[in-house]
Amino acid sequence: IVQSVATNVAYDRFVRELLTATGDTYVNPAANYYRAAGDTLSVTESTSQLFMGVRIACAKCHNHPFERWTQDNYYGIAAVFHGVQRREEKTSRAKKGDGSFTIAMTKNVDMQQPRTGKTMKPWLPLTGEAVIGKDQDPRVVFADWLTGPDNPFFARVAVNRLWAHLMGQGIVEPVDDFRASNPPANAPLLDALADDFVKHGYDRKHILRMILNSRTYQRGTESNEFNRSDDRHFSRARVRLLSAEQLLDAVARVTGVPDRFPGMPAGTMATQLPVPLPLEFLMTFGQPSRETPRQCERIAEPSLAQALQMLNGASVM
């Protein structure tokens, strides 16, 4: 991920590498996507939420009561990933709990709809059943559909996440909840950003540059009589807390005392940690355990425990 961001790998290529990954997770890091999402249903829900902005988990047990998604839709998407096999390699690392996995794709694995018993074919949202060649990986067909320039989900979800990261709030909020009953605050803006993203080859740095150079991003936090109550249309900058990692790095910078993290080289900052660490300061200020793809896993509300950490917590004292 670090290398892909540093070299500005096109976002469609990045996602394609994740979804179609195979092999040893130590040799092909992208294959860890299927290690993190450890079964068919987990990867179905994660993929839908991360790259389509669709919280489809509700349709696992029944047709979604308020949205278009049905139980057949859920298991049709699941059929795309049902052939993924995860085999843990028995190495010396495995004894420490960090052994590698081999990700492979098995053919002719039927995905059954649990309520009807029907065998589901791989299904593409708003398109229908996917046409899969005899020797073709259904994940490749799905990735082709997902990252295609006409896909109504992919580019809009991606630019909305970038916007939310910079602005503190998405044009669609929550950022992973695109549905008819949760419309964008500014639909023309979202569509224009998505179109520009596709036009420039899914270049994330280009979109970031566009947003950062905008008058909207450069607005101050002071309100006036016209926008005092606005918390949705970006007429002023939002005041927000630093993340747990940013705050710990700031404390280290101000005090001149760098933090030492277990198993990490000297000089590593909290914002550079590859995985969450069970440190009281970070957990108190909302560092997520990263067990789900949901944006809301990170807590951003202030609390009394945070005040106590800043007054006499071990990281500060």
Side-chain angles (χ1 to χ4, degrees), residues 1-2 4-6 32 35-38 42 45-46 49-50 55 57 96-98 160-177 204 208 211-212 216-223 227-232 234-317:
I1 293 174
V2 171
S4 296
V5 172
N32 282 286
R35 181 177 179 176
S42 294
E45 295 170 13
S46 295
Q49 194 162 338
L50 290 171
R55 296 182 177 185
K96 302 178 182 178
D98 59 354
N160 187 60
R161 283 185 180 275
L162 294 176
W163 180 279
H165 181 75
L166 294 173
M167 299 291 191
Q169 185 178 50
I171 301 171
V172 171
E173 186 68 25
V175 296
D176 53 10
D177 194 13
R204 286 172 289 184
L208 289 171
I211 298 173
L212 293 170
T216 302
Y217 177 79
Q218 295 172 18
R219 286 180 175 138
T221 58
E222 293 184 1
S223 62
N227 66 6
R228 192 162 291 124
S229 61
D230 176 33
D231 60 0
R232 193 72 188 89
F234 311 103
S235 59
R236 57 190 172 93
R238 289 169 56 87
V239 177
R240 49 184 167 145
L241 295 173
L242 296 175
S243 70
E245 297 87 346
Q246 290 170 337
L247 185 57
L248 186 56
D249 286 343
V251 171
R253 180 69 178 269
V254 169
T255 60
V257 181
D259 289 292
R260 293 296 302 269
F261 300 108
M264 301 301 296
T268 300
M269 297 189 297
T271 48
Q272 296 173 319
L273 292 172
V275 294
L277 293 179
L279 300 178
E280 186 177 4
F281 184 96
L282 294 176
M283 292 189 293
T284 299
F285 281 93
Q287 181 195 51
S289 58
R290 284 167 46 182
E291 295 178 350
T292 75
R294 294 190 177 185
Q295 193 78 6
C296 59
E297 193 180 20
R298 181 178 287 274
I299 300 171
E301 288 74 31
S303 67
L304 177 60
Q306 293 171 358
L308 294 175
Q309 277 290 332
M310 295 302 292
L311 287 171
N312 59 10
S315 296
V316 177
M317 299 298 289

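Keep in mind the model is a prediction, meaning the values are calculated, not measured.
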On a heavy-atom basis, the closest approach of Ala244 and Gly286 is CB-N, 4.3 Å

Assess whether atom CD of Glu222 is packed by more than 12 heavy atoms of other residues, nucleotides or ligands within 6.0 Å. no

Rounded distance [0.5 Å steps], CZ in Arg238 versus CG in Asp230: 9.5 Å

Where at least one partner belongs to residues 263-287, residue pairs that pass ring-ring contact (aromatic ring centres under 6.0 Å, His included), sequence neighbours excluded: Phe281-Phe285

Just to verify, what does Asn32 make a side-chain hydrogen bond (donor to acceptor under 3.5 Å, both in side chains) with, not counting sequence neighbours? none

Give a yes or no answer on whether the side chain of Asn160 reaches the backbone of Val172 with a donor-acceptor pair at less than 3.5 Å. yes

Would you name the heavy atoms of Arg236 and Asn227 that are closest together and state the gap between them? NE-O, 3.1 Å

Sorted by chain and number, sequence neighbours left out, side chain to side chain contact (heavy atoms under 4.5 Å, CB included) with Arg253 holds for none

Pairing residues for Asp231 by the side chain to side chain contact (heavy atoms under 4.5 Å, CB included) criterion, not counting sequence neighbours: none

CA sep, side-chain torsions, deciding dist, call: Leu304, Gln306, side chain to side chain contact (heavy atoms under 4.5 Å, CB included): CA-CA 5 Å; Leu304 177 60; Gln306 293 171 358; over 6 Å; no

Nearest 0.5 Å, please: how far is CG in Leu212 from CD in Gln218? 8.5 Å

Which heavy atom of Pro302 sits nearest a heavy atom of Leu241, and at what distance? N-CD1, 4.0 Å

Taking the side chain from Gln49 and the backbone from Ser46, do they hold a donor-acceptor pair closer than 3.5 Å? no

Would Gln246 and Leu248 count as a side chain to side chain contact (heavy atoms under 4.5 Å, CB included) here? Give the steps. CA-CA 6 Å; Gln246 290 170 337; Leu248 186 56; over 6 Å; no

Identify the two heavy atoms, one from Arg204 and one from Ser4, that lie closest to each other, and give their separation to 0.1 Å. NH2-O, 4.3 Å

Within the distance-only criterion (no hydrogens, no angle test), does the side chain of Glu45 pair as donor or acceptor with the backbone N or O of Ser42 below 3.5 angstrom? no

Please name all residues satisfying salt bridge (charged side-chain N to carboxylate O under 4.0 Å, His left out) with Asp177, sequence neighbours left out, ordered by chain then number. Arg179

Those residues that, when tested against Ser229, pass side chain to side chain contact (heavy atoms under 4.5 Å, CB included) (two or more places apart): none

Any side-chain to backbone donor/acceptor pair from Arg161 onto Asp176? Under 3.5 Å, distance only. no

CZ of Phe234 to OH of Tyr217, rounded to nearest 0.5 Å, is 13.5 Å

Compile the donor-acceptor pairs under 3.5 Å between side chains in residues 307-317 and protein atoms, sequence neighbours left out, one pair per line.
| from | atom 1 | to | atom 2 | distance (Å) |
| --- | --- | --- | --- | --- |
| Gln309 | NE2 | Glu280 | OE2 | 3.3 |

Could you measure the distance from the OG atom of Ser235 to the CZ atom of Arg232? Nearest 0.5 Å is fine. 12.0 Å

Taking side-chain hydrogen bond (donor to acceptor under 3.5 Å, both in side chains) as the definition, give me every residue that meets it alongside Ser289, ordered by chain and number, with sequence neighbours left out. Glu297

Name each donor-acceptor pair under 3.5 Å that joins a side chain in residues 263-278 to protein atoms two or more places apart or in another chain, with its distance.
| from | atom 1 | to | atom 2 | distance (Å) |
| --- | --- | --- | --- | --- |
| Thr268 | OG1 | Pro265 | O | 2.7 |
| Thr271 | OG1 | Asp249 | OD2 | 2.8 |
| Gln272 | OE1 | Met269 | N | 2.9 |

Go through the structure and list residues passing side chain to side chain contact (heavy atoms under 4.5 Å, CB included) with Leu208, not counting sequence neighbours. Leu162, Leu166

Distance (rounded to the nearest 0.5 Å) between Glu245 CD and Leu279 CG: 10.0 Å

